[in-house]
Amino acid sequence: MEKRFKVWIYKEGEAPIMHAGPGASIYAIEGHFISEMEDKRNPFAAENPNEAHVFLLPFSVVNIVKYIYDKSLVDYWGTLRRPISDYITVISNKYHYWNRTLGADHFMVSCHDWGAYLSGANPELYEKSIRVLCNANMSEGFRPGKDVTLPEVNLPDGKLSNPTNSSTGRTLLAFFAGGAHGYIRENLMHHWQGKDEELVVNEYLPKGLNYAEFMTKSKYCLCPSGYEVASPRIVESIFMGCVPVIISVNYSLPFSDVLDWTKFSVDIPVEKTPEIKRILQEIPEDKYRELQEGVMQVQRHFVLNRPAKRFDLIHMVLHSVWLRRLNLRLPY
(Lines give C-alpha, C1' and ligand atoms only; values in the text may rest on other atoms or scores of the structure.)
Protein backbone atom coordinates (compact mmCIF):
# COMPACT_ATOMS: atom_id res chain seq x y z
CA MET A 1 0.00 0.00 0.00
CA GLU A 2 2.71 2.50 0.96
CA LYS A 3 4.39 2.27 -2.45
CA ARG A 4 1.29 2.27 -4.66
CA PHE A 5 -1.83 3.69 -3.01
CA LYS A 6 -2.89 7.17 -4.16
CA VAL A 7 -5.85 9.28 -3.08
CA TRP A 8 -7.31 12.19 -5.02
CA ILE A 9 -9.04 14.85 -2.97
CA TYR A 10 -11.52 16.85 -5.02
CA LYS A 11 -10.70 20.57 -4.96
CA GLU A 12 -14.23 21.82 -5.54
CA GLY A 13 -16.14 23.39 -2.66
CA GLU A 14 -15.32 25.81 0.12
CA ALA A 15 -14.82 25.64 3.85
CA PRO A 16 -16.39 25.14 6.31
CA ILE A 17 -18.71 22.59 4.65
CA MET A 18 -15.95 21.23 2.42
CA HIS A 19 -12.22 20.89 3.12
CA ALA A 20 -12.66 21.40 6.87
CA GLY A 21 -13.91 19.64 9.97
CA PRO A 22 -13.73 19.60 13.77
CA GLY A 23 -10.33 19.49 15.42
CA ALA A 24 -11.68 19.09 18.94
CA SER A 25 -14.65 17.07 20.30
CA ILE A 26 -15.69 13.43 20.11
CA TYR A 27 -15.94 13.94 16.35
CA ALA A 28 -12.36 15.26 16.01
CA ILE A 29 -11.11 12.37 13.89
CA GLU A 30 -13.34 13.54 11.04
CA GLY A 31 -11.64 16.92 10.81
CA HIS A 32 -8.15 15.55 11.40
CA PHE A 33 -8.53 12.94 8.67
CA ILE A 34 -9.70 15.49 6.07
CA SER A 35 -6.91 17.86 7.11
CA GLU A 36 -4.31 15.10 6.92
CA MET A 37 -5.41 14.09 3.44
CA GLU A 38 -5.08 17.69 2.24
CA ASP A 39 -1.73 18.25 3.96
CA LYS A 40 1.06 18.82 1.43
CA ARG A 41 3.18 16.28 3.33
CA ASN A 42 0.66 13.48 2.76
CA PRO A 43 2.55 10.83 0.75
CA PHE A 44 -0.70 9.19 -0.38
CA ALA A 45 -2.03 12.31 -2.11
CA ALA A 46 -2.23 11.89 -5.88
CA GLU A 47 -0.71 14.66 -7.99
CA ASN A 48 -3.48 14.27 -10.53
CA PRO A 49 -6.75 12.31 -10.53
CA ASN A 50 -5.64 9.97 -13.31
CA GLU A 51 -3.15 8.25 -10.98
CA ALA A 52 -5.61 7.90 -8.09
CA HIS A 53 -6.97 4.58 -6.82
CA VAL A 54 -9.69 6.24 -4.72
CA PHE A 55 -11.32 9.66 -4.52
CA LEU A 56 -12.14 11.47 -1.29
CA LEU A 57 -15.34 13.50 -1.10
CA PRO A 58 -14.10 16.19 1.31
CA PHE A 59 -17.36 17.24 2.97
CA SER A 60 -17.74 17.33 6.74
CA VAL A 61 -21.02 16.00 8.11
CA VAL A 62 -20.18 17.57 11.48
CA ASN A 63 -19.90 20.99 9.86
CA ILE A 64 -22.99 20.44 7.72
CA VAL A 65 -24.95 19.83 10.92
CA LYS A 66 -23.22 22.71 12.74
CA TYR A 67 -23.83 25.35 10.10
CA ILE A 68 -26.98 24.19 8.30
CA TYR A 69 -29.11 22.21 10.76
CA ASP A 70 -32.33 23.97 11.69
CA LYS A 71 -34.83 21.76 13.50
CA SER A 72 -37.61 24.30 12.89
CA LEU A 73 -37.59 23.40 9.19
CA VAL A 74 -40.25 20.98 7.99
CA ASP A 75 -37.69 19.04 5.92
CA TYR A 76 -34.44 19.60 7.78
CA TRP A 77 -33.13 16.19 6.66
CA GLY A 78 -33.48 17.26 3.04
CA THR A 79 -31.67 20.51 3.83
CA LEU A 80 -28.80 18.61 5.45
CA ARG A 81 -28.52 16.17 2.58
CA ARG A 82 -28.56 18.79 -0.16
CA PRO A 83 -24.89 19.91 0.06
CA ILE A 84 -23.81 16.30 -0.38
CA SER A 85 -26.11 15.54 -3.30
CA ASP A 86 -25.19 18.85 -4.95
CA TYR A 87 -21.47 18.15 -4.53
CA ILE A 88 -21.73 14.77 -6.21
CA THR A 89 -23.73 16.35 -9.03
CA VAL A 90 -20.96 18.90 -9.55
CA ILE A 91 -18.05 16.45 -9.62
CA SER A 92 -19.95 13.86 -11.70
CA ASN A 93 -20.83 16.49 -14.32
CA LYS A 94 -17.31 17.92 -14.37
CA TYR A 95 -15.31 14.67 -14.35
CA HIS A 96 -15.78 11.10 -15.53
CA TYR A 97 -14.35 9.42 -12.41
CA TRP A 98 -17.60 9.09 -10.46
CA ASN A 99 -19.58 7.90 -13.47
CA ARG A 100 -17.20 5.12 -14.55
CA THR A 101 -17.85 3.15 -11.32
CA LEU A 102 -21.01 4.92 -10.05
CA GLY A 103 -18.94 6.05 -7.08
CA ALA A 104 -17.55 2.65 -6.06
CA ASP A 105 -13.97 3.96 -5.89
CA HIS A 106 -15.00 7.09 -3.96
CA PHE A 107 -15.15 7.44 -0.19
CA MET A 108 -16.52 9.74 2.47
CA VAL A 109 -15.43 10.12 6.10
CA SER A 110 -17.82 10.94 8.93
CA CYS A 111 -17.76 10.58 12.70
CA HIS A 112 -21.11 12.26 13.28
CA ASP A 113 -23.98 10.04 14.40
CA TRP A 114 -25.93 11.14 11.33
CA GLY A 115 -23.17 10.33 8.83
CA ALA A 116 -24.73 7.07 7.65
CA TYR A 117 -28.16 8.63 7.22
CA LEU A 118 -26.88 11.68 5.33
CA SER A 119 -24.93 9.39 2.98
CA GLY A 120 -28.36 8.52 1.61
CA ALA A 121 -28.28 11.92 -0.11
CA ASN A 122 -27.11 10.01 -3.17
CA PRO A 123 -28.16 6.38 -3.83
CA GLU A 124 -24.76 5.41 -5.24
CA LEU A 125 -22.93 6.99 -2.31
CA TYR A 126 -25.00 4.88 0.08
CA GLU A 127 -24.97 1.63 -1.89
CA LYS A 128 -21.63 1.61 -3.74
CA SER A 129 -19.15 4.06 -2.24
CA ILE A 130 -16.83 3.28 0.65
CA ARG A 131 -18.30 4.98 3.71
CA VAL A 132 -15.80 5.50 6.51
CA LEU A 133 -18.03 5.88 9.56
CA CYS A 134 -17.74 5.98 13.34
CA ASN A 135 -21.36 4.86 13.57
CA ALA A 136 -20.63 1.45 12.05
CA ASN A 137 -24.03 -0.08 12.81
CA MET A 138 -24.69 -3.17 10.72
CA SER A 139 -28.42 -2.95 11.45
CA GLU A 140 -28.48 0.49 9.80
CA GLY A 141 -26.90 -0.41 6.47
CA PHE A 142 -23.21 -0.56 7.38
CA ARG A 143 -21.57 -3.31 5.32
CA PRO A 144 -18.17 -4.44 6.68
CA GLY A 145 -16.94 -5.70 3.30
CA LYS A 146 -17.64 -2.35 1.64
CA ASP A 147 -17.58 0.25 4.42
CA VAL A 148 -14.88 1.08 6.98
CA THR A 149 -15.19 1.58 10.73
CA LEU A 150 -13.63 4.86 11.88
CA PRO A 151 -12.49 4.75 15.53
CA GLU A 152 -14.04 7.52 17.61
CA VAL A 153 -11.36 9.65 19.28
CA ASN A 154 -12.36 12.20 21.90
CA LEU A 155 -10.16 15.30 21.84
CA PRO A 156 -11.90 17.80 24.15
CA ASP A 157 -9.19 20.43 23.71
CA GLY A 158 -7.88 19.27 20.34
CA LYS A 159 -4.53 18.22 21.80
CA LEU A 160 -3.01 14.93 20.71
CA SER A 161 -1.58 12.60 23.34
CA ASN A 162 0.42 9.40 23.69
CA PRO A 163 -0.75 6.11 25.26
CA THR A 164 0.36 4.90 28.67
CA ASN A 165 2.65 1.93 29.05
CA SER A 166 1.57 1.14 32.61
CA SER A 167 0.56 -2.46 33.30
CA THR A 168 0.92 -2.41 37.09
CA GLY A 169 -1.14 -1.05 39.97
CA ARG A 170 -4.48 -2.12 38.50
CA THR A 171 -6.43 -2.76 41.69
CA LEU A 172 -9.95 -2.37 40.31
CA LEU A 173 -11.67 -5.12 38.35
CA ALA A 174 -13.57 -2.84 35.97
CA PHE A 175 -14.67 0.76 35.48
CA PHE A 176 -17.20 2.86 33.59
CA ALA A 177 -18.38 6.44 33.88
CA GLY A 178 -20.60 8.15 31.33
CA GLY A 179 -24.04 9.36 30.45
CA ALA A 180 -26.89 6.84 30.71
CA HIS A 181 -28.14 7.39 27.17
CA GLY A 182 -29.41 4.41 25.22
CA TYR A 183 -30.90 1.18 26.53
CA ILE A 184 -27.52 -0.60 26.85
CA ARG A 185 -26.16 1.99 29.26
CA GLU A 186 -29.46 2.28 31.09
CA ASN A 187 -29.32 -1.47 31.65
CA LEU A 188 -25.72 -1.23 32.86
CA MET A 189 -26.63 1.53 35.31
CA HIS A 190 -29.64 -0.40 36.57
CA HIS A 191 -27.53 -3.40 37.52
CA TRP A 192 -24.24 -1.86 38.59
CA GLN A 193 -24.31 1.88 39.32
CA GLY A 194 -22.86 2.46 42.78
CA LYS A 195 -23.36 -1.17 43.79
CA ASP A 196 -19.86 -2.64 43.82
CA GLU A 197 -16.41 -1.51 44.95
CA GLU A 198 -14.54 -3.70 42.48
CA LEU A 199 -16.74 -2.99 39.47
CA VAL A 200 -17.07 0.80 39.60
CA VAL A 201 -19.94 2.16 37.49
CA ASN A 202 -21.07 5.79 37.67
CA GLU A 203 -23.12 7.98 35.40
CA TYR A 204 -20.84 10.84 36.35
CA LEU A 205 -17.81 10.71 38.61
CA PRO A 206 -18.13 12.61 41.90
CA LYS A 207 -16.29 15.92 41.96
CA GLY A 208 -12.58 15.57 42.64
CA LEU A 209 -12.21 12.11 41.09
CA ASN A 210 -10.15 11.68 37.94
CA TYR A 211 -11.53 9.71 34.97
CA ALA A 212 -8.13 8.84 33.50
CA GLU A 213 -6.81 7.66 36.87
CA PHE A 214 -9.70 5.22 37.23
CA MET A 215 -8.88 3.79 33.81
CA THR A 216 -5.22 3.31 34.69
CA LYS A 217 -6.23 1.60 37.95
CA SER A 218 -8.64 -0.82 36.24
CA LYS A 219 -7.92 -4.18 34.65
CA TYR A 220 -10.97 -3.91 32.41
CA CYS A 221 -12.78 -0.85 31.07
CA LEU A 222 -16.43 -1.21 30.12
CA CYS A 223 -17.30 0.15 26.67
CA PRO A 224 -21.09 0.08 26.31
CA SER A 225 -22.77 1.63 23.28
CA GLY A 226 -24.90 4.71 23.85
CA TYR A 227 -27.54 5.99 21.45
CA GLU A 228 -25.22 4.90 18.67
CA VAL A 229 -22.94 1.87 18.52
CA ALA A 230 -19.60 3.73 18.56
CA SER A 231 -17.95 4.93 21.75
CA PRO A 232 -14.67 6.83 22.28
CA ARG A 233 -14.12 4.64 25.35
CA ILE A 234 -12.71 1.86 23.20
CA VAL A 235 -9.81 4.05 22.08
CA GLU A 236 -9.52 5.55 25.57
CA SER A 237 -9.29 2.08 27.11
CA ILE A 238 -6.57 0.99 24.71
CA PHE A 239 -4.69 4.26 25.31
CA MET A 240 -4.78 3.64 29.06
CA GLY A 241 -3.60 0.03 28.77
CA CYS A 242 -6.99 -1.16 30.01
CA VAL A 243 -8.61 -4.22 28.41
CA PRO A 244 -11.78 -2.99 26.67
CA VAL A 245 -15.02 -4.83 27.41
CA ILE A 246 -17.30 -4.44 24.40
CA ILE A 247 -21.00 -4.30 25.26
CA SER A 248 -22.78 -3.59 22.01
CA VAL A 249 -25.10 -4.91 19.31
CA ASN A 250 -24.38 -4.87 15.56
CA TYR A 251 -21.15 -2.90 15.93
CA SER A 252 -18.42 -3.65 13.38
CA LEU A 253 -15.16 -3.23 15.30
CA PRO A 254 -12.37 -1.13 13.75
CA PHE A 255 -9.64 -2.77 11.67
CA SER A 256 -11.16 -6.24 12.04
CA ASP A 257 -9.63 -7.18 8.67
CA VAL A 258 -6.22 -7.35 10.30
CA LEU A 259 -6.73 -7.18 14.09
CA ASP A 260 -8.06 -10.12 16.09
CA TRP A 261 -10.08 -8.42 18.81
CA THR A 262 -10.31 -11.64 20.84
CA LYS A 263 -6.60 -11.17 21.58
CA PHE A 264 -7.00 -7.83 23.38
CA SER A 265 -10.67 -7.33 24.35
CA VAL A 266 -13.62 -9.07 25.94
CA ASP A 267 -17.05 -9.19 24.33
CA ILE A 268 -20.02 -9.47 26.68
CA PRO A 269 -23.53 -9.76 25.20
CA VAL A 270 -25.98 -7.12 26.38
CA GLU A 271 -28.26 -9.76 27.90
CA LYS A 272 -25.42 -10.85 30.18
CA THR A 273 -24.96 -7.41 31.75
CA PRO A 274 -26.05 -8.72 35.19
CA GLU A 275 -23.22 -11.27 34.96
CA ILE A 276 -20.38 -8.89 34.08
CA LYS A 277 -18.53 -9.26 37.36
CA ARG A 278 -18.70 -13.05 37.34
CA ILE A 279 -17.58 -13.23 33.70
CA LEU A 280 -14.57 -11.00 34.31
CA GLN A 281 -13.61 -12.69 37.58
CA GLU A 282 -13.63 -16.07 35.86
CA ILE A 283 -11.01 -14.97 33.35
CA PRO A 284 -7.75 -16.59 34.57
CA GLU A 285 -4.97 -14.18 35.55
CA ASP A 286 -2.64 -15.50 32.86
CA LYS A 287 -5.36 -14.94 30.25
CA TYR A 288 -5.89 -11.38 31.51
CA ARG A 289 -2.16 -10.73 31.18
CA GLU A 290 -2.25 -11.99 27.60
CA LEU A 291 -5.15 -9.65 26.84
CA GLN A 292 -3.41 -6.72 28.50
CA GLU A 293 -0.23 -7.44 26.56
CA GLY A 294 -2.35 -7.53 23.43
CA VAL A 295 -3.68 -4.08 24.27
CA MET A 296 -0.15 -2.74 24.55
CA GLN A 297 0.75 -4.28 21.19
CA VAL A 298 -2.14 -2.64 19.32
CA GLN A 299 -1.88 0.78 20.97
CA ARG A 300 0.10 2.25 18.07
CA HIS A 301 -2.78 1.49 15.70
CA PHE A 302 -5.10 3.78 17.66
CA VAL A 303 -2.78 6.77 18.04
CA LEU A 304 -3.72 9.90 16.09
CA ASN A 305 -0.53 11.55 14.82
CA ARG A 306 -0.15 14.73 12.79
CA PRO A 307 1.43 14.20 10.39
CA ALA A 308 0.38 10.57 10.24
CA LYS A 309 2.93 7.83 10.88
CA ARG A 310 3.29 4.23 9.76
CA PHE A 311 0.77 1.88 11.40
CA ASP A 312 -1.04 4.67 13.31
CA LEU A 313 -4.78 5.30 13.26
CA ILE A 314 -4.90 7.30 10.02
CA HIS A 315 -2.68 4.77 8.23
CA MET A 316 -4.89 1.95 9.49
CA VAL A 317 -7.98 3.69 8.14
CA LEU A 318 -6.27 4.18 4.78
CA HIS A 319 -5.26 0.52 4.77
CA SER A 320 -8.90 -0.44 5.35
CA VAL A 321 -9.93 1.75 2.42
CA TRP A 322 -7.16 0.21 0.30
CA LEU A 323 -8.40 -3.32 1.04
CA ARG A 324 -11.92 -2.41 -0.05
CA ARG A 325 -10.58 -0.76 -3.18
CA LEU A 326 -8.70 -3.98 -4.00
CA ASN A 327 -11.95 -5.93 -3.59
CA LEU A 328 -13.41 -3.94 -6.51
CA ARG A 329 -10.86 -5.54 -8.88
CA LEU A 330 -10.81 -2.51 -11.15
CA PRO A 331 -8.27 -2.44 -14.01
CA TYR A 332 -6.53 0.73 -12.76
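Please read these numbers as outputs of a predicted model, since none were measured by experiment. Basis for what follows: all heavy atoms, side chains included, without hydrogens, waters or symmetry-related copies.
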Working note: R306 + S35, criterion side-chain hydrogen bond (donor to acceptor under 3.5 Å, both in side chains); need CA distance, chi angles, decisive distance, verdict. CA-CA 9 Å; R306 297 297 312 276; S35 175; 3.0 Å; yes
Set out, in order, the CA-CA distance, both residues' side-chain angles and the distance that settles ring pair (Phe, Tyr, Trp, His ring centres under 6.0 Å) for F44 and W322, then state yes or no. CA-CA 11 Å; F44 297 102; W322 170 239; 9.4 Å; no
Check against ring pair (Phe, Tyr, Trp, His ring centres under 6.0 Å), F239 and F302: CA-CA 8 Å; F239 247 60; F302 294 87; 8.8 Å; no
* How far apart are the C-alpha atoms of W261 and F255, what are their side-chain angles, what is the distance that settles it, and do they pass the ring pair (Phe, Tyr, Trp, His ring centres under 6.0 Å) test? -> CA-CA 9 Å; W261 281 77; F255 315 140; 8.1 Å; no
Run E152 and R233 through side-chain contact (heavy atoms from CB on, under 4.5 Å) and show every step you take.
CA-CA 8 Å; E152 195 168 295; R233 280 163 187 79; over 6 Å; no
Query - Verdict with reasoning, E127 to R143, per salt bridge (charged side-chain N to carboxylate O under 4.0 Å, His left out) - result: CA-CA 9 Å; E127 292 291 339; R143 290 154 53 192; 3.5 Å; yes
message = Under the criterion side-chain contact (heavy atoms from CB on, under 4.5 Å), I'd like the reasoning laid out for M108 against F59: C-alpha separation, chi angles, the key distance, then a yes or no.
response = CA-CA 8 Å; M108 61 168 281; F59 58 79; 3.7 Å; yes
* **Test log, rule salt bridge (charged side-chain N to carboxylate O under 4.0 Å, His left out), inputs R289 and E285** => CA-CA 6 Å; R289 295 195 180 281; E285 184 65 20; 3.2 Å; yes
Derivation of the side-chain contact (heavy atoms from CB on, under 4.5 Å) call for V258 and H319: CA-CA 10 Å; V258 292; H319 181 258; 3.7 Å; yes
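Salt-bridge check for E47 with K6: failed, with every basic side-chain N at 4.0 Å or more from each acidic carboxylate O. With respect to R325 and D105, no salt bridge is recorded, no charged nitrogen being found less than 4.0 Å from a carboxylate O. Classification of R278 and E282 as a salt-bridged pair holds, one side-chain N sitting under 4.0 Å from a carboxylate O.
Side-chain atoms of K219 and V243, non-hydrogen and from C-beta on, never get closer than 4.5 Å to each other. No side-chain heavy atom of N305 sits less than 4.5 Å from a side-chain heavy atom of H315. Between L80 and V61 the shortest side-chain heavy-atom distance does not fall below 4.5 Å. Annotation: side chain of I314 is in contact with side chain of M37 (closest heavy-atom distance under 4.5 Å). K128 has its side chain out of reach of T101: every pair of non-hydrogen atoms, C-beta onward, lies at least 4.5 Å apart. Taking 4.5 Å as the limit, some side-chain heavy atom of R185 sits within range of a side-chain heavy atom of S231. No side-chain heavy atom of T79 sits under 4.5 Å from any side-chain heavy atom of D70. In this structure, the side chains of V317 and L150 come closer than 4.5 Å at one or more pairs of heavy atoms.
Sorted by first and then second residue, the pairs that involve residues 251-263 and meet salt bridge (charged side-chain N to carboxylate O under 4.0 Å, His left out), not counting sequence neighbours, are D257-R324.
Residues V229 and Y126 do not share a hydrophobic cluster, clusters being chains of Ile/Leu/Val/Met/Phe/Trp/Tyr side chains in contact below 4.5 Å. Linking Ile, Leu, Val, Met, Phe, Trp and Tyr residues whenever their side-chain heavy atoms come within less than 4.5 Å places V109 and V321 in a single cluster. If you chain together hydrophobic residues whose side chains sit under 4.5 Å apart, V200 and L209 fall into the same group. There is a path of hydrophobic side-chain contacts, each under 4.5 Å, that joins L56 to M316. Follow the hydrophobic side-chain contacts under 4.5 Å out from M1 and you never reach L328; the two are in separate clusters.
Atom CZ of residue F142 and atom OG of residue S119 lie 11.0 Å apart, to the nearest 0.5 angstrom. Expressed to the nearest 0.5 Å, how far CG of L304 lies from CG of L313 amounts to 6.0 Å. Considering CD1 of I91 and CG of N99, their distance stands at 8.0 Å, rounded to 0.5 Å. In this structure, CH2 on W77 lies 14.0 Å from CZ on R82, to the nearest 0.5 angstrom. Atoms CG and SG, on N154 and C111 in that order, are 10.0 Å from each other to the nearest 0.5 Å. Going from atom CH2 of W114 over to atom OG of S110 covers 11.5 Å, rounded to the nearest 0.5 Å.
At distances below 3.5 Å, at least one donor-acceptor pair connects side-chain atoms of E30 with backbone N or O atoms of V62. Side-chain atoms of R170 come within 3.5 Å of backbone N or O of G241 as a donor-acceptor pair. In this structure, N202 contributes its side chain and L205 its backbone to no donor-acceptor pair below 3.5 Å. For the pair N135 (side chain) and D113 (backbone), a donor-acceptor distance under 3.5 Å is present. Side chain of R81 to backbone of Y117: a donor-acceptor contact under 3.5 angstrom is found. Looking only at distances, no side-chain donor or acceptor of Q299 sits under 3.5 Å from a matching main-chain atom of G294. With D312 contributing its side chain and K309 its backbone, the two residues share a donor-acceptor pair below 3.5 Å. In this structure, the side chain of N63 does not engage the main chain of K66 through any donor-acceptor pair within 3.5 Å. Side chain of S256 to main chain of S252: no donor-acceptor pair is present (N/O by atom type, distance under 3.5 Å, no hydrogens or angles).
Ring pair F175/Y211: centre-to-centre distance below 6.0 Å. Not less than 6.0 angstrom separates the ring centroid of F55 from the ring centroid of F107.
When all heavy atoms of C242 and S218 are compared, the closest pair comes out as SG-O, 3.5 Å. Here the shortest heavy-atom pairing between W192 and P274 reads CZ2-O, 3.3 Å. Here the shortest heavy-atom pairing between S237 and M215 reads OG-CE, 3.7 Å. For the residue pair P224 and I184, the shortest heavy atom distance occurs at CB-CG2, 3.9 Å.
Ring geometry for Y95 versus Y10: interplanar angle of 30 to 60°, hence tilted.
E271 CD: more than 12 foreign heavy atoms inside a 6.0 Å radius. The number of heavy-atom neighbours closer than 6.0 Å to NZ of K195, taken from other residues, nucleotides and ligands shown, is above 12. Heavy-atom neighbours of E14 CD from other residues, nucleotides or ligands within 6.0 Å: at or below the threshold of 12.
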N/O donor-acceptor pairs under 3.5 Å from side chains in residues 19-28, not counting sequence neighbours:
unit_1	atom_1	unit_2	atom_2	d
H19	ND1	E38	OE2	2.4
H19	NE2	K11	O	3.2
H19	NE2	E12	O	2.7
S25	OG	Y27	N	3.0

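A donor atom on one side chain and an acceptor atom on the other are not found under 3.5 Å apart for S129 and E124.
The one candidate from W8, Y97, Y332 that meets the side chain to side chain donor-acceptor pair (under 3.5 Å) condition with N50 is Y97.
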